[in-house]
Each structure stands twice: as C-alpha cells, then as structure tokens.
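One structure below.
Just follow the structure's listing: the first ligand is 1, and inside any ligand the first atom is 1. Values in this document were obtained by computation on a predicted structure and should not be read as measured data. Computed over heavy atoms, backbone and side chain alike; hydrogens, waters and symmetry mates excluded.
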Amino acid sequence: MKYDVVGLGTVVVDHLVLLAQHPPQDAKTNIISDAYQVGGPVPTAQVVLSRLGKQCAFLGSWGDDQYGPLIAQDLATEQLNLDASRLLPGTRSGYAQVWIDEQASTRTIACYRPEHWLQPEDLDRQIIQQARFLHLDGWPQETCLQAAQIAREAGVTVCLDAGSLKPGMETLIPYLNVMNCPRRFLSEYLQTDDVLAGGRALLDQGPELVTVTDGVRGAWLFTEEGCLHCAALPVLSLDTTGAGDVFSGALLYGLLEDWPRERVLKFACVTAALKCERLGNRDALPSLAEIEAALQTKELNLSQLD
Ligand SMILES: Nc1ncnc2c1ncn2[C@@H]1O[C@H](COP(=O)(O)OP(=O)(O)O)[C@@H](O)[C@H]1O
Ligand SMILES: O=C(O)C[C@@H](O)[C@H](O)C(=O)COP(=O)(O)O
C-alpha cells in the first residue's frame with residue numbers, strides 16, 4: 001500500500017475571530033484577535049494522521065485567489081501528497097468565518113464553492129486503490145459514491161466524516177466501513193435524538209463501525225460488539241472548531257493501528273479534547289506524547305452501554 005489514508009474532500013481557509021461575546025442581532029462588537037488557518041473536515045483529519053506519522057494523500061482543489069498559496073503551502077508543509085490535487089485558475093478558494101466567544105461557543109458561516117468539487121471522471125483510481133483507507137466528507141455525492149465503489153472493489157476501507165446531512169448520503173452509507181457523525185446528524189438524517197437507536201440504525205445501513213460525537217457529552221462507538229460511551233476529557237475549552245475533524249483523524253489512526261475499540265475511542269476523545277484547549281486546528285493539535293500522557297494520567301470514564 002502506498003498511502004495509509006487517501007482523503008477526498010473540501011478544503012477551506014478558516015478565519016478564526018475571537019470575541020468577548022457574540023453581538024446581539026443588529027449590533028456590533030470588537031474583535032479581540034484573529035487568525036487564518038487551513039481547515040475542512042478531510043484535510044484536518046489528514047493533518048492529524050500525518051503528524052502522527054501516517055502517509056496521506058489529499059484529493060481536492062482550491063482557487064488562485066489570496067488563499068490559494070496559503071492552502072497549497074499548508075498542506076505541503078503538513079506532508080500531504082498533493083499529486084492528485086489541483087489549483088483551479090480563475091476561481092476563489094473555499095472560505096469560512098468562525099466567531100468564537102469567551103465561552104468557546106462558535107458561529108460559523110462557510111462558503112464551500114462547488115466549482116472545486118472533483119467530478120467522478122476526475123478521480124485518480126490508482127491512488128485510491130493504493131490506499132489502506134479512503135476518507136470522505138460526502139461532497140459531492142456522485143464523486144464520493146464513485147470513489148467508494150473503486151475503494152470497495154480494491155478492498156480499501158471506506159470512511160466518512162458525515163458532518164451535516166448532504167444530498168445522496170443514503171446512497172453512500174451502504175458503501176461505508178466506518179462512519180463518524182455529530183449527534184445533530186442523527187436528527188437530520190434519522191429524525192431521532194436517541195443516540196443508541198440512531199447509532200444502531202446507522203450500523204444496520206452498512207458501516208461496521210459508527211461513532212457519534214456530542215461535544216462535552218463525549219462520544220459513542222457502535223460495532224456488532226455493542227455500544228461504548230466515552231465521557232469527554234474535562235479541559236478548559238477555548239475553541240472547539242475542528243474538534244469533530246480531529247476526532248475523525250484520531251479515530252482513523254487508532255483503526256489503522258488495529259487497536260481494540262476501547263483504546264480507539266479513548267484516543268479519539270482525548271486528542272479532540274486537548275485540541276479544544278487551544279485556538280484552531282494546527283497549532284492546537286496535541287503531540288502523540290501529550291495524548292499518551294493524558295491517557296495515562298487522566299481519569300477517562302468509559303462504559304459499555306449494551
Ligand atoms: N468542550 C469540550 N471538552 C472536551 N472534549 C470536547 C469538547 N468539545 C468537543 N470535544 C471532543 O471532541 C469530539 C467532537 O466534538 P463535537 O463538538 O461533537 O464535533 P463537531 O466539531 O463536529 O461539532 C467530542 O465527542 C469530544 O470527545
Ligand atoms: O467545514 C466546516 O464545517 C467549517 C470548516 O471551516 C472547519 O474547518 C471545520 O471543518 C470545522 O469542523 P468541525 O468543527 O469539526 O465540525
């Protein structure tokens with residue numbers, strides 16, 4: 001295998017804006033500080049994996065505006081292979097503005113730019129076939145489906161970080177081996193707020209492993225062995241942007257390492273929690289040593305629910 005994880009997804013530049021508190025409607029507030037960082041569910045998960053020593057290739061595209069060089073340089077610095085990625089001349093890059101107040105509550109507005117989505121005919125079959133895992137964010141449906149089919153035929157594990165509900169996901173889910181989603185996805189897709197029923201219903205639709213995340217309420221992991229819940233590691237949370245993406249990256253790391261499901265879930269929860277102590281998703285990422293130290297020294301509440 002040439003790559004541990006090939007990722008197909010949306011890349012954006014996040015403008016992170018720190019505020020004392022969110023302004024009420026029709027009012028103004030001052031910015032305390034701000035920063036630009038590259039984000040997006042798949043690239044962020046891949047940066048987590050790459051920093052932990054996994055070989056990753058990213059399939060995506062960006063524009064030739066002021067953010068293009070920032071994206072290309074960031075992904076290359078993070079050691080993601082970009083041979084199957086491209087700059088689209090005459091287009092603007094994906095962008096998001098994330099407002100974060102002193103309670104770490106966020107408001108995000110994002111502009112994903114569909115002109116950057118790869119089409120099924122753009123897919124590099126070989127790079128997918130040479131991966132252990134394929135990681136998707138669900139945009140756009142036809143391309144994800146085609147990539148998932150190529151991967152399944154080649155015995156590559158197909159993973160999805162579902163984020164929010166996107167068109168055609170019901171067609172993609174049967175092709176998945178691994179699926180991560182936030183709890184709100186269960187309401188959007190299955191019209192349920194019951195995590196146990198929702199997680200089991202997703203398992204019934206195809207994936208062998210499903211995780212559901214819910215911020216400070218921690219995360220659940222479902223397999224045919226049942227459901228595990230891990231409480232969130234208590235941290236002084238400054239910024240939760242990208243916590244789900246970081247959780248996904250750490251989850252894939254544990255699965256690539258073939259760890260037991262208990263360790264996989266604890267590792268993902270701890271990595272995502274430590275990220276929340278700092279701003280963003282690059283400088284905020286904990287090292288393997290920090291993650292291992294927290295796993296050894298902090299009490300983590302893990303329970304088998306069925
Ligand atoms: N404030 C927090 N304290 C500790 N851990 C957190 C916190 N927020 C998120 N996490 C961890 O990150 C995971 C993903 O966060 P979540 O907010 O559910 O995802 P998303 O960023 O996709 O909305 C959670 O399951 C939890 O383990
Ligand atoms: O895609 C988004 O939701 C916004 C991105 O700008 C951000 O980088 C991101 O991926 C946040 O993800 P999450 O907080 O893990 O859901």
Side-chain angles (χ1 to χ4, degrees), residues 7 9-17 35-48 60 62 67 70-71 74-75 93-100 103-113 116 135 137-139 160-166 179-188 195 199 210-221 228-251 254 264-282 284-286 291 294-295 298 300-302:
T10 312
V11 60
V12 296
V13 168
D14 288 333
H15 184 198
L16 303 168
V17 178
Y36 289 87
Q37 271 189 11
V38 176
V42 170
T44 302
Q46 291 205 296
V47 169
V48 172
W62 49 86
Y67 297 134
L70 177 62
I71 294 173
D74 174 83
L75 300 182
S93 304
Y95 166 81
Q97 195 161 93
V98 186
W99 294 5
I100 308 151
Q103 275 71 52
S105 119
T106 59
R107 309 264 191 285
T108 303
I109 44 172
C111 182
Y112 291 131
R113 311 220 188 266
H116 285 173
H135 189 40
D137 64 9
W139 289 120
L160 172 76
D161 186 357
S164 53
L165 182 62
K166 288 142 200 145
M179 176 170 174
N180 176 49
C181 65
R183 184 175 187 160
R184 61 180 177 276
F185 181 87
L186 300 179
S187 327
E188 293 167 357
V195 182
V210 170
T211 50
V212 179
T213 66
D214 193 16
V216 285
R217 281 163 292 280
W220 292 258
L221 183 149
L228 288 176
H229 174 254
C230 186
L233 180 73
V235 291
L236 211 56
S237 173
L238 176 74
D239 172 27
T240 61
T241 320
D245 309 342
V246 171
F247 179 96
S248 270
L251 171 75
V264 168
L265 181 60
K266 284 206 274 189
F267 186 87
C269 282
V270 165
T271 308
L274 294 177
K275 179 247 97 61
C276 296
E277 290 181 323
R278 297 188 281 247
L279 183 69
N281 60 37
R282 293 291 190 268
L285 289 184
I291 304 165
L295 280 166
K298 313 267 186 202
L300 261 183
N301 197 347
L302 189 76

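When non-hydrogen atoms are compared, ligand 2 lies under 4.0 Å from the backbone of Ala243 (N, CA, C, O) but not from its side chain. When non-hydrogen atoms are compared, ligand 2 lies under 4.0 Å from the backbone of Pro41 as well as from its side chain. Using a 4.0 Å cut-off between heavy atoms, Ala232 contacts ligand 1 through its side chain alone, with no backbone atom that close. Of the heavy atoms in Asp214, only backbone atoms (N, CA, C, O) come closer than 4.0 Å to ligand 1. When heavy-atom distances to ligand 1 are checked against a 4.0 Å cut-off, Leu233 comes that close only through its backbone atoms N, CA, C and O.
Relative ring orientation between His15 and Tyr36 is described as parallel, the plane-to-plane angle staying below 30° on a 0-90° scale split at 30° and 60°.
The option from Gly215, Ala268, Gly218, Pro41 that lies nearest to atom 16 (P) of ligand 1, judged by heavy atoms, is Gly215. Of the candidates Thr108, Asp14, Asp239, the one placing a heavy atom closest to atom 5 (C) of ligand 2 is Asp14. Among Cys269, Ala250, Ala243, the residue whose heavy atom lies closest to atom 15 (O) of ligand 1 is Ala243. Counting only non-hydrogen atoms, the option in Cys276, Ser248, Ala231, Ala273 that gets closest to atom 7 (C) of ligand 1 is Cys276.
Those atoms of ligand 2 with a heavy atom of Gly39 less than 4.0 angstrom away are 8 (O). Atoms of ligand 1 found under 4.0 Å from any heavy atom of Ser237, numbered from 1 in the order shown, are 1 (N). Numbered from 1 in the order shown, with element, the atoms of ligand 1 that lie under 4.0 Å from a heavy atom of Ala219 read 25 (O). Close approach to Ala272 involves these atoms of ligand 1, each under 4.0 Å from a residue heavy atom: 11 (C), 12 (O), 13 (C). Below 4.0 Å from some heavy atom of Gly244 lie the following atoms of ligand 2, by number and element: 15 (O).
Considering backbone and side-chain N/O atoms, Asp245 comes within less than 3.5 Å of an N/O atom of ligand 2. Between Asp245 and ligand 1, no N or O atom pair is found at a separation short of 3.5 Å. Taking any N or O of Gly40, backbone or side chain, at least one lies under 3.5 Å from an N or O belonging to ligand 2. In terms of polar-atom proximity, Val235 is not counted as a contact of ligand 1, lacking any N or O under 3.5 Å from an N or O of the ligand. The N/O atoms of Gly244, backbone and side chain alike, include one that comes under 3.5 Å of an N/O atom in ligand 1. In terms of polar-atom proximity, Ala110 is not counted as a contact of ligand 2, lacking any N or O under 3.5 Å from an N or O of the ligand. Of the N or O atoms in Tyr112, one or more lie within a sub-3.5 Å distance of an N or O in ligand 2. Taking only nitrogen or oxygen atoms, main chain and side chain alike, Pro182 does not reach within less than 3.5 Å of ligand 1.
Residue-environment remark: CH2 (Trp99) stays at or below the threshold of 12 foreign heavy atoms within 6.0 Å.
Of the protein's non-hydrogen atoms, the one nearest atom 14 (O) of ligand 2 is Gly242 N, 2.8 Å. For atom 1 (N) of ligand 1, the closest non-hydrogen atom of the protein is Val216 CG1, 3.2 Å.
Test Leu160, Asp245, Thr213, Leu221 against Asn180 for side-chain contact (heavy atoms from CB on, under 4.5 Å) and you get one pass: Thr213.
One finds the OG atom of Ser237 at 8.0 Å from the NZ atom of Lys275 (value rounded to the nearest 0.5 Å).
Heavy atoms of Arg184 approach ligand 1 to within less than 4.0 angstrom.
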